[in-house]
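In each ligand, atom 1 is the first atom listed, and ligand 1 is the first ligand listed.
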Amino acid sequence: MPKMTFVERDGTRREVDAPLGLSVLEVAHKHGIDLEGACEGSLACSTCHVVIDPEWFDKLNAPSEDEEDMLDLAFGLEETSRLGCQIVIDETLDGLVVKLPAGTRNAQG
Ligand code: FES
């Protein structure tokens with residue numbers, strides 16, 4: 001099974017199993033990683049924002065326009081930011097590293 005690593009806000013690295021076909025958001029939830037995902041993957045929020053390790057960024061499929069629009073609203077946007085619910089684990093992403101962004105808006109925001 002592929003693995004991926006989440007780098008938490010305090011710098012802690014957590015390597016976890018990343019089953020094929022799950023989104024990065026779903027993998028995070030499965031392992032109790034603190035990533036919100038308020039709209040559960042319907043591209044209606046930006047709370048699943050993650051920052052992709054630069055080494056991995058180019059290996060991902062390009063974001064859709066809708067994703068780009070939502071990302072513009074994300075808090076703490078970085079050069080390699082993506083929405084976690086739009087990245088689906090496949091064999092090529094074994095070893096993926098993503099960082100949780102520095103700050104997030106909460107659900108009321
Ligand atoms: Fe809302 Fe990803 S969970 S856009």
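- Protein N/O/S atoms closer than 2.8 Å to atom 2 (Fe) of ligand 1, listed by chain and residue number, are Cys48 SG, Cys85 SG.
- The number of heavy atoms from other shown groups lying within 6.0 Å of NZ (Lys59) is above 12.
- Enclosure of atom CD in Glu15 by more than 12 non-hydrogen atoms of other residues, nucleotides or ligands within 6.0 angstrom is indicated.
- For Asn61, the CG atom counts as loosely surrounded, since its 6.0 Å shell holds 12 or fewer non-hydrogen atoms of other residues, nucleotides or ligands.
- Dense packing is recorded around CD of Glu8, with more than 12 heavy atoms of other residues, nucleotides or ligands lying under 6.0 Å away.
- A salt bridge is defined here as a Lys NZ or Arg NE, NH1 or NH2 lying under 4.0 Å from an Asp or Glu carboxylate O, and Asp94 with Lys3 fails to meet this definition.
- Asp90 and Thr92 share a side-chain donor-acceptor pair at under 3.5 Å.
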